[in-house]
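All remarks here apply to the structure that follows.
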Amino acid sequence: MTKDLTCTHCGNPGLDQGFLEDSGEHSHGDTRWIAGPLERGVFGRAKRLGRPRFQLDAFRCPRCGHLELFAREELA
């Protein structure tokens, strides 16, 4: 539990850290935040080339279940 974070939904002090899994085709197993609005390519996939990508840190409130997501660390 991370005691320095407070739930923005119910105000409960302390959130449980976890992660979001992406099990889609060609997935690395975790989700990432990509800067800029969603644009689709010719085959309907999201355009990502050249955009910064950030690891998502996920925290869950044990009281109300609200999720807090933070995109803190840029991925190479």
Side-chain angles (χ1 to χ4, degrees):
M1 179 180 288
T2 307
K3 297 191 185 299
D4 60 334
L5 294 176
T6 301
C7 178
T8 59
H9 184 72
C10 74
N12 183 54
L15 300 177
D16 296 331
Q17 187 170 5
F19 67 96
L20 301 175
E21 180 183 33
D22 180 1
S23 59
E25 188 176 336
H26 305 293
S27 171
H28 295 184
D30 60 329
T31 57
R32 293 166 298 284
W33 182 83
I34 300 173
L38 174 64
E39 296 176 35
R40 301 239 179 234
V42 177
F43 299 108
R45 302 186 102 192
K47 290 184 178 181
R48 301 179 316 254
L49 191 61
R51 294 185 180 190
R53 300 165 194 216
F54 292 81
Q55 172 183 323
L56 282 182
D57 294 330
F59 298 86
R60 181 184 176 275
C61 177
R63 181 191 290 165
C64 72
H66 180 74
L67 290 178
E68 301 276 345
L69 301 177
F70 297 91
R72 299 182 193 189
E73 186 179 326
E74 187 170 356
L75 299 170

Please report, to 0.1 Å, the donor-acceptor pairs under 3.5 Å made by any side chain of residues 61-68, with sequence neighbours excluded.
from, atom 1, to, atom 2, distance (Å)
R63, NH2, N12, OD1, 3.2
H66, NE2, E68, OE2, 3.3
E68, OE2, T8, N, 3.0
E68, OE2, T8, OG1, 2.4

List in chain and number order the residues that pass side chain to side chain contact (heavy atoms under 4.5 Å, CB included) with P13, two or more places apart in sequence or in another chain; answer none if no residue qualifies. none
Side chain to side chain contact (heavy atoms under 4.5 Å, CB included) with L38: which residues, sequence neighbours excluded? R40, A46
Once ring-ring contact (aromatic ring centres under 6.0 Å, His included) is applied, do any residues pair with F54, and if so which ones, sequence neighbours excluded? W33
With clusters built from Ile, Leu, Val, Met, Phe, Trp and Tyr whose side-chain heavy atoms come within less than 4.5 Å, directly or transitively, what are the remaining members of the cluster of F59, listed by chain and number? L5, L15, F70
Clusters formed by hydrophobic residues whose side-chain heavy atoms approach within less than 4.5 Å: which one holds I34, and what are its other members? none
Distance check, rounded to the nearest 0.5 Å: E73 atom CD versus L75 atom CG? 6.5 Å
Suppose the criterion is salt bridge (Lys or Arg N to Asp or Glu O under 4.0 Å): which pairs have a residue in residues 13-24, not counting sequence neighbours? none
Check salt bridge (Lys or Arg N to Asp or Glu O under 4.0 Å) between R32 and all other residues, then give those that pass, not counting sequence neighbours. D30
Within a reach of under 6.0 Å around CZ of R72, are more than 12 heavy atoms found that belong to other residues, nucleotides or ligands? yes
Side chain to side chain donor-acceptor pair (under 3.5 Å) contacts touching residues 48-58 (sequence neighbours left out): E39-R51, Q55-D57
